[in-house]
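Here's the structure we're looking at; comments come further down.
All values reported here derive from a predicted model rather than from experimental measurement. Chain letters run A, B, ... following the sequence lines, proteins first and then strands; every chain starts at 1.
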Amino acid sequence: MLNVDGVPTLDDVMRNFPSEERLIKGFVAVHECYQDIPCNPCVESCPVHAISMEKLTTPPVIDFNKCTGCGNCVASCPGLAIFLLSLKNGSAQVTIPYEMMDVPEKGEKVDGLDRYGRKVCEADVARVVKLPSLDKTSRTTLVTLEIPRELLPVVRSFRRR
Amino acid sequence: MSRRIQEHPILEFPRTKEITIVFEGRELVAHEGDTVASALIANGIDVLRDSMSLHRPRGLFCAIGNCSSCLMVINGVPNTRACVTPVSQGMTVERQRDKGMMP
Amino acid sequence: MIFTDVMVIGGGPAGMNAALTAAESGAQVLLVDKFQKLGGQLVKQTHKFFGWADRGAGTRGFNLAKQLAAQVNAHPNIKTLLGYEVIGGYPDQTYLAASWEDHVKISAKKAVICTGAAERMILFENNDLPGVMGAGAVQTLMNEYGVLPGESFLIVGSGNVGVILAYQLLQAGAHVDAVIDVLPKLGGAYWVHAAKVQRLGVPLLLRRTVLGVYGTEHVEEAVTAEVGENMEPVAGTEMHHKVDVVALAVGLMPLTDLFQMLQVRTEYIPELGGFVPWHDELGHTTNPNVYVAGDAGGIEEATTASLGGSIAGLVAAKELGFPVDENRIQEYLRALSSFRESSLSKKVLEGIERMRGDSNA
């Protein structure tokens, strides 16, 4: 629970979740930023101005219809609290920001983990990109997993086998 | 045993010149840019001194020169903070076992 | 003797910004730091910073330190004295700085003190055993020198320092056994920091304290237990953790020795981390030649330290008669208050109010 351990419940997540109709069109950014942290790099990173913020200390609002799913905000978020989700072509995919050593490769099978690091499924690595691709010290790796459809709101981490 | 980080997803640790320091008569490899404390800990040495009255082992605590947990005898000078003292070739380092006397 | 208009003590985010704004105003600045390298505690932060995108947010801490240090080193009005610690301050505005081999006297018309903070300690059996370290010490060894002081870590304290350390340890390839906290809920860390650590599988154990650590010359095991309503350990709830480092992230206290030496009045303000030099929003202390910025004036974070440093540097230069655009000071003050509009700054604001209130009593 957010006010106990900082981890959102499924209810917290579903309160601000894109419609199935939007998800079927392809990747869309979803944030799990619930505190009034004074922070705005996500707003500045968005090339289509889909993210807005009343002021520095309010959580961001993502316009799911404007969002093109480019992933710039995912890489820019200091809290690693933005993910991309998609249901395009009947395949459920989640993109996770990743800053650890053990970067998986495309095609690899990994364990899909929930918000407490518990294994909830097997997942296929569908894509690995580094954004922004400048130098090693600035970039964040984005790993996209293909997961079971019903776990789209659940899987937010993974572990290599 | 080396505790030096070989790979890191974000940081880069450029290989610097290896130098030798002498810890309690034993030669150890340190890297230029190390502090005495980081060089010793990289070599698996965690006991930096004995406490003054009960002679309990003491190690690194703050690493930024604020506490006095890491006082050692360095190049013969006691009460030297291992955490803020850069290593140099041939430097002698000893555990401090008392309150320290000026040479 | 070195003569300077403004001496800045401490080369962290507050000190580097103070040196820059004072120098930009035309003052000759001497920046002194006891380390051989500028950056203060920014150099060990691998996460991207929060705050305004146009003021460095989204940039990792150690890269921010590099950028600021490059500006400091490029400024013709700033001289740096690295590897020297200011150990004495006297009523005639002279100071003594010492290095390992050497000492130097400094005469400074104004001093901006940005000495930062020290880590707190807690009581448990054998808490002096090597392997019990401040969380910041682990960060320094790991992220600055590339040395991991152990293989398996227990972290005590779930504020930002504790959970960020857990994350950094995972990045460096170490095992994090758990993050514990005696409180019934997260001890002040941003929720997003706590969430990113937990989803990587690090347990957060609440209502739990350290009873002791055991080992001959180094920590080999830590024992923790749950606490009851009265904060006493509950028998039968002990857990044995096979760890070789216990990192304490149980809070910071401002380093105020120099202020006391310089006859600056200090106040005990728990919300700000303990004794702090009384100061106003411009960084003035009760000594007209001494200013404060950053954690030395109260524990907060790097963005507010930077803003406070920028303000104190401008104010010190202005009070020496250098031309300073008053709008710049106001702009930094506005930024500081909009940053502190967050509910996360409530405690700090209460502490500041109490500190200022005490001065009128």
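- Heavy atoms closer than 4.5 Å to chain B are found in the side chain of C/Q41, but not in its backbone.
- With a 4.5 Å cut-off on non-hydrogen atoms, C/L141 touches chain B through its side chain but not through its backbone.
- Residue pairs that meet the salt bridge (Lys or Arg N to Asp or Glu O under 4.0 Å) test with at least one member in residues 128-143 of chain C, sequence neighbours left out, are B/R56-C/D128, B/R58-C/D128.
- Of all the heavy atoms in B/V84 and B/I64, the pair that sits closest is CG1-C, 4.0 Å.
- Looking only at atom types and distance, the side chain of C/K34 has a donor-acceptor partner in the side chain of B/N66 under 3.5 Å away.
- Aromatic ring centres of C/F259 and C/F275: separated by at least 6.0 Å.
- B/S69 does not touch chain C: none of its heavy atoms, backbone or side chain, sits under 4.5 Å away.
- For C/T216, the part sitting under 4.5 Å from any heavy atom of chain B is the backbone (N, CA, C, O) and nothing else.
- Residue C/A117 touches chain B through its backbone alone, counting heavy-atom pairs closer than 4.5 Å.
- With a threshold of 4.5 angstrom between heavy atoms, B/L48 does not approach chain C through any atom at all.
- Interface remark: C/Q36 contributes side-chain atoms only to the contact with chain B (heavy atom separation under 4.5 Å).
- Contact detail for C/P254 and C/D295: the closest heavy-atom pair is CB-O, 3.5 Å.
- Listed options B/T85, B/D34, B/L11, B/V47 were ranked by heavy-atom pairs under 4.5 angstrom with chain C; first place goes to B/L11.
- With a threshold of 4.5 angstrom between heavy atoms, B/F13 approaches chain C through side-chain atoms but not through N, CA, C or O.
- A cation-pi arrangement is absent between C/K44 and C/F62 under the rule of less than 6.0 angstrom and at most 45 degrees off the ring axis.
- For B/C67, no part lies near chain C; criterion is any non-hydrogen pair under 4.5 Å.
- Between chain B and the options C/T115, C/N143, C/T140, C/D257, the largest number of non-hydrogen pairs under 4.5 Å is found for C/N143.
- Using bins of under 30°, 30° to 60° and over 60° for the plane-to-plane angle, the ring pair C/Y190/C/H193 lands in the parallel bin.
- Among C/H218, C/E119, C/Q171, the residue making the largest number of heavy-atom pairs under 4.5 Å with chain B is C/Q171.
- Within 6.0 Å of CE on B/M52 lie no more than 12 heavy atoms contributed by other residues, nucleotides or ligands.
- Both the backbone and the side chain of C/Y145 come within contact range of chain B, judged by heavy atoms closer than 4.5 Å.
- For B/R4 against B/V29, the heavy-atom pair with the smallest separation is NH2-O, 4.4 Å.
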